[in-house]
> 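A single structure is presented below for examination.
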Amino acid sequence: MKKVNQAIPKIDAKALVTGKPVYTDDLAPKDCLVVKVLRSPHAHALIKNIDSARAMKVPGMVAVFTYEDCPNERFTMAGQTYPEPSPYDRLILDQRVRFVGDAVAIVAGETKEAVDRAMKMIKVEYEVLTPLLDFRKAKDNDILVHPEENWRSLCNVGADNQRNLCASGKDEAGDVDQVLSECKYVVEQTYHTQANQQAMMETFRTYCYMDVYGRLNVVSSTQVTFHARRILSNALGIPKSKIRVIKPRIGGGFGAKQTVVSEVYPAFVTWKTGRPSKIIYTREESQIASSPRHEMEVHVRVGADEAGIIRAIDVYTLSNTGAFGEHGPTTVGLSGHKSIPLYGKTDAFRFRYDVVYTNVMSAGAYRGYGATQGIFAVESAVNELAEQMHMDPVKLRELNMVKEGQVMPAYYGETAQSCALDRCMARAKEMIGWDKKYPARDMGNGKVRGVGVAMAMQGSGISNVDTASVAMKVNDDGFYSLMVGASDMGTGCDTILAQMAADCMDCEMEDIIVSGVDTDSSPYDTGSYASSTTYVTGMAVIKTCEKLKEKICLKGAEYLGCEKEEVEFDGKRVWCPKDGKEITLKEIGNRIMCANEEALMASEAHYSPTSPPPFMVGMAEVEVDLETGKVTPIDYVAVVDCGTVVNPSLARVQTEGGLVQGIGMALYEDVVYNPKGQNFSNSFMQYKIPTRQDTGEIRVEFESSYEPTGPFGAKSIGEIVINTPSPALAAAVANATGVHIRELPITAEKVYMGMKHSS
């Protein structure tokens, strides 16, 4: 490998750091109509009347659209492969509003000022209904969030709108209750994680225009370019052939843009008016009307015998999908299927779940995608089990962790063909100095430092579902065009895919031009989510390169007058060892432009029947002020097994970024509603995300395994990196104070009150 496993700079780095116009709003035409959404002040209400007559008299106003103007065909905004597991429960605009911030009307005008003024003049008459705000009381409640008859669920996920159920299910092996009754040590606890905002730098934004062929062109900051086309087709009731979706650079997504949050509104305006339009979400809109992480309450029972062998794990997850069901049926599965399999010696497991509707902002995809919540619960329970057993939690994990070659019954029966979890644990223990610091050290100044540990696993794409294809062609002068459908959202996937192609074709990075995603010209890809790009799209690159090399050899042999079997290709030339004849790739690229009957181009697709998990160990050191309960992160070490590391620099910053988000979830971030369902966390003044000063030192290393089904032995890395901070930090606080915080975030108030109560 000459390019893979090398710290090659991102191919778009210079353009981004020099501020080139590459993002959605940079590219939007200057004559776009400005689109904004009038939002509901009520958590649950029926719209009785909308009067927009005064608003339309504002100079520069073009249109006000209400639910009466929109199709009555329900769809989902979840960017998932068809048929989507998420229920079809959305309308572009609905007579029933289901959360504070829900869309009431679409307002379009020539200028922002005109639209802002007009929105204040729209008079809406509501019939206010009782909201359902407590997700613990949602199942089978008399208040129905979705009583409509045209609600649909395309997949058998246990959904029932008449019971406020977005999904419900169970998976088990063995007799959990019997095995737990035989265990000497049992922990039974409930853990609660809040909704969290992705807080990407670039908010949701889209612009649209009609082309000369009468087709709707949508340019959007989206992770799911091809899925967005289908969703817009369903929402607008027009054929997919009438829609083209283009993805420019994305200023961060973290899963938020796997939901089509903003696209439908300007698309509807442009389709109805024929004029270009754009919508730019404010930060407040991104905080109150977007797609945050699902709030979950996870009940865990875990039992071990006298020797410390964990014999049974029982998990029940209650997930709050909010007003709509985007990603509700799928995120919840990871809370059990990505936490229970970490322990490889269990005799029995059970995983049950319910996902319920409520009258708060609808949830969606966020890095970690449900595994984050489940791992916080299960890893916290294992740490409490170690405490009950008076055993070092590292030792307990060393006794029980899944090992390479083991079958994982709770992970769909897959075998861990690549697993360096044991080496990750040993390395992390050495890095933080675990034996000297565990469990805690009194600093002699009213402050105590404690350490905590957690393990994690994720997946690499969605097995038997995620499909990626790429196309690659030889141009004149012998350089390549690599066309991908995967959405680079700042992660650098364009770079790592080019690295793989460069190694396969034995050429330089400069010889490969990577094109962005356009549904008219790019090969199909499900999108950038589920940690699929490196693993799934990477294999499509390898297969495509192999096919293209065959074609290059065939064409070179033809020009040399040789048999294909007689020639070789070294990246620069096709040559015949037998007689020394050769032709350069540049010559081939130029000759195929004339008198040629076969395009020198290849395209291959790939999917995987398995989803090999990356693994990770995180260890945290915190300092707790015993007088105030304030928790200060001191040191966080992380060791990751993502198979072969394709680009160490990009993998490192991916890991560091994920850890910062995980630390934010654990210590700072909280979505707060008032008793009427109004979201108080509507800005970064109220919703605190960590700065660099809030995270302590972060250190990252890699322990590579080799995944035989992955490109160059690689697995994913994008999501796993967010999963260990919450349980590791909670354990560090518990070791420092004796207080177990089971509801995130871990605030000074909770720690102080816990210490006061225990004393």
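Computation of the quantities below employed the complete heavy-atom set of this structure, encompassing side-chain atoms and omitting hydrogens, waters and symmetry-equivalent molecules.
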> Do Trp151 and Pro87 have side chains that approach each other closer than 4.5 Å (heavy atoms only, starting at C-beta)?
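They are in contact (side-chain heavy atoms under 4.5 Å apart), so the answer is yes.
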> Check side-chain contact (heavy atoms from CB on, under 4.5 Å) between Asp494 and all other residues, then give those that pass, not counting sequence neighbours.
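Residues passing side-chain contact (heavy atoms from CB on, under 4.5 Å) with Asp494: Ile11, Arg249, Val484, Asp488, Val514.
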> Taking 4.0 angstrom as the limit, do Arg136 and Glu295 come out as a salt bridge?
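Result for this pair is no, no salt bridge flagged.
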> Check whether more than 12 heavy atoms from other residues, nucleotides or ligands sit under 6.0 Å from atom CG of Asp142, and answer yes or no.
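Counting neighbours around CG of Asp142, 12 or fewer heavy atoms of other residues, nucleotides or ligands fall under 6.0 Å, so no.
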> Any side-chain heavy atom of Ile375 sitting closer than 4.5 Å to one from Pro727?
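Answer yes - side chains close enough.
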> Are Met457 and Pro341 packed together at the side-chain level, in the sense that at least one heavy-atom pair is separated by less than 4.5 angstrom?
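Yes, close enough: below the 4.5 Å cut-off.
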> So, Asp520 and Arg244, do they make that salt bridge, N to O below 4.0 Å?
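Result for this pair is yes, salt bridge flagged.
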> Kindly state each residue pair satisfying salt bridge (Lys or Arg N to Asp or Glu O under 4.0 Å) with at least one member in residues 362-377, sequence neighbours excluded.
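For residues 362-377, and leaving out neighbouring residues, there are no salt bridge (Lys or Arg N to Asp or Glu O under 4.0 Å) pairs at all.
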> side-chain hydrogen bond (donor to acceptor under 3.5 Å, both in side chains) with Ser531: which of Gln458, Lys715, Glu719?
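The option that passes is Glu719.
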> Assess whether a salt bridge exists between Arg39 and Glu285, defined as any Lys/Arg side-chain N lying under 4.0 Å from an Asp/Glu carboxylate O.
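Answer for the salt bridge query: yes.
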> Are Tyr88 and Phe75 close enough that their ring centers fall under 6.0 Å?
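Ring-ring flag for Tyr88/Phe75: false, centres at least 6.0 Å apart.
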> What's the separation between atom NZ in Lys338 and atom CD1 in Ile340, rounded to the nearest 0.5 Å?
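Reported to 0.5 Å precision, the distance equals 12.5 Å.
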> For residues 315-341, which residue pairs pass the ring-ring contact (aromatic ring centres under 6.0 Å, His included) check, not counting sequence neighbours?
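For residues 315-341, and leaving out neighbouring residues, the ring-ring contact (aromatic ring centres under 6.0 Å, His included) pairs sorted by first residue read His146-Phe324, His327-Tyr369, His337-Phe351, His337-Tyr412.
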> Salt-bridge test for Arg74 and Asp94: reply yes if a basic N is under 4.0 Å from a carboxylate O, no otherwise.
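So Arg74 pairs with Asp94 through a salt bridge.
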> One thing to verify: whether Arg352 and Glu172 come together as a salt bridge, which I'm taking to mean a side-chain N less than 4.0 angstrom from a carboxylate O.
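Between Arg352 and Glu172 there is no salt bridge, as every charged N stays at least 4.0 Å from the carboxylate O atoms.
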> Would you say the ring centers of Tyr673 and Phe680 fall short of 6.0 Å from each other?
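No: the rings miss the under 6.0 Å criterion.
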> For Met296, run the side chain to side chain contact (heavy atoms under 4.5 Å, CB included) check against Val355, Thr331, Asn320, Leu318 and tell me which one passes.
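When side chain to side chain contact (heavy atoms under 4.5 Å, CB included) is applied between Met296 and each of Val355, Thr331, Asn320, Leu318, only Thr331 qualifies.
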> For the residue pair Arg230 and Glu84, establish whether any side-chain heavy-atom pair is separated by less than 4.5 Å.
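Yes. Closest side-chain heavy atoms under 4.5 Å.
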